[in-house]
Amino acid sequence: IRDGRIAFVGTSEEARKRAGPATRVTDLQGRMVMPGIVDGHFHGTRYTDCDLGYEGGTIAQVLAKLKACLDRPDQAEHKGSNVRLYARNFFAEALTPRGTQLTREDLDRLDTTRPVLLRNADGHKFWLNSRAIENLGIDERTPVPPGGQIGRDAQGRCDVPAGGSGLAAGAATVDGEPQRTARTAG
């Protein structure tokens, strides 16, 4: 590190060869120095029906959190409707056991008529239940939108995750009309 910047990247042996008599050597005790790579961007804020708190857990735990949101008093007027449940701050990378993938079939186990859209904490991936996929008109023949992706299962059916700006824009509409999302209290 020279003047607050990483001046060299390589092995410890290569670094020792570059060290001079004025070089201050710090023993990191098995740790490493890593540059602060920052990609500062903002996905915006919006009302959400269900904040999953940046947590993962098992599929059963995620479904229980979504069910609790669906069953809240402020969501009662939407029971039996086609009003989308928008859940955000899901942390798919923290699903357990490690390597577990949430699927549309998992979301379809929720006892609801409502389309469910689950947004990953990074803002780049979305999981949809079958009702949401149907409302969006996505099927095996749907082309991938510019700047987006559509996750597909082995049979080519839309499955999740899907993501990118193309799908995110589409997820906000049903039959070409803006989809109302119920607001949460607080």
Side-chain angles (χ1 to χ4, degrees), residues 37 39 41-71 75 78-182 184:
I37 300 172
D39 173 18
H41 69 280
F42 182 64
H43 288 275
T45 58
R46 64 183 75 165
Y47 291 110
T48 185
D49 304 313
C50 187
D51 189 332
L52 295 177
Y54 299 98
E55 296 176 357
T58 65
I59 297 292
Q61 290 168 327
V62 171
L63 294 178
K65 289 176 188 177
L66 290 168
K67 181 182 180 329
C69 291
L70 286 162
D71 291 343
Q75 297 296 311
H78 307 298
K79 193 169 186 87
S81 76
N82 193 36
V83 173
R84 181 187 68 215
L85 178 81
Y86 173 63
R88 67 182 177 124
N89 300 330
F90 173 55
F91 193 28
E93 293 77 9
L95 281 174
T96 57
R98 188 175 184 170
T100 298
Q101 296 289 318
L102 184 68
T103 67
R104 107 194 240 176
E105 283 78 20
D106 294 324
L107 293 174
D108 287 348
R109 293 192 339 238
L110 292 166
D111 185 20
T112 185
T113 62
R114 296 175 65 183
V116 175
L117 181 147
L118 181 58
R119 180 179 176 182
N120 202 55
D122 66 11
H124 294 280
K125 294 180 287 292
F126 301 86
W127 287 259
L128 308 167
N129 68 353
S130 291
R131 181 71 180 261
I133 293 167
E134 178 184 314
N135 284 352
L136 290 168
I138 299 172
D139 63 20
E140 295 79 5
R141 298 174 308 276
T142 304
V144 175
Q149 72 180 43
I150 298 174
R152 298 191 189 272
D153 64 17
Q155 290 75 41
R157 286 183 341 130
C158 178
D159 202 353
V160 287
S165 59
L167 186 59
T173 65
V174 173
D175 297 329
E177 294 297 317
Q179 175 67 45
R180 184 169 80 95
T181 300
T184 59

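Worth knowing before you read on, the calculation uses all heavy atoms, side chains too, and leaves out hydrogens, waters and symmetry mates.
Contact between Asn120 and Ala92 at its shortest, heavy atoms only, is OD1-N, 2.9 Å. Closest approach of Val62 and Gly56 over heavy atoms only: CG2-O, 3.7 Å. Contact between Pro115 and Asn129 at its shortest, heavy atoms only, is CA-OD1, 3.5 Å.
A donor-acceptor distance shorter than 3.5 angstrom exists from the side chain of Asp108 to the backbone of Ser130, with no hydrogens or angles considered. Arg131 places a side-chain N or O within 3.5 Å of a backbone atom of Thr113 that can act as its donor or acceptor partner.
Thr112 pairs in a side-chain contact (heavy atoms from CB on, under 4.5 Å) with only one of the listed residues (Leu85, Leu70, Leu107), which is Leu70.
In this structure, CG on Leu128 lies 6.0 Å from SG on Cys158, to the nearest 0.5 angstrom. Atom CG of Asn135 is separated from atom CZ of Arg114 by 12.0 Å, given to the nearest 0.5 angstrom.
Residues passing the side-chain hydrogen bond (donor to acceptor under 3.5 Å, both in side chains) test with Asn89, sequence neighbours excluded: Asp51, Tyr54. Residues meeting the side-chain hydrogen bond (donor to acceptor under 3.5 Å, both in side chains) test with Lys67, sequence neighbours left out: Asp71. Listed by chain and number, the residues in a side-chain contact (heavy atoms from CB on, under 4.5 Å) with Glu140 are Arg157 (sequence neighbours excluded). Residues passing the side-chain contact (heavy atoms from CB on, under 4.5 Å) test with Thr96 are Thr58, sequence neighbours excluded. Remark: Arg109 pairs with Asp106 by the side-chain hydrogen bond (donor to acceptor under 3.5 Å, both in side chains) rule, at least two apart or across chains. Remark: Ala87 engages Cys50, Leu52, Leu66, Leu118 in a side-chain contact (heavy atoms from CB on, under 4.5 Å) (not counting sequence neighbours). Partners of Thr142 according to the side-chain hydrogen bond (donor to acceptor under 3.5 Å, both in side chains) rule, which considers only residues two or more places apart in sequence or in another chain, are Asp139.
Here Arg104 does not pair with Glu134 in a salt bridge; the nearest charged N to carboxylate O distance is not below 4.0 Å.
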Practice prompt. Verify side-chain contact (heavy atoms from CB on, under 4.5 Å) between Leu95 and Gln101, making sure each step is shown before the conclusion.
Written response: CA-CA 7 Å; Leu95 281 174; Gln101 296 289 318; 5.9 Å; no

Item to complete: Would you please test Glu105 and Asp159 for side-chain contact (heavy atoms from CB on, under 4.5 Å) and show each step?
Response: CA-CA 9 Å; Glu105 283 78 20; Asp159 202 353; 4.0 Å; yes

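Applying the ring pair (Phe, Tyr, Trp, His ring centres under 6.0 Å) test to residues at least two apart or on different chains, the pairs with a partner in residues 90-115 are Phe90-Trp127. Residue pairs that meet the ring pair (Phe, Tyr, Trp, His ring centres under 6.0 Å) test with at least one member in residues 137-157, sequence neighbours left out, do not exist here.
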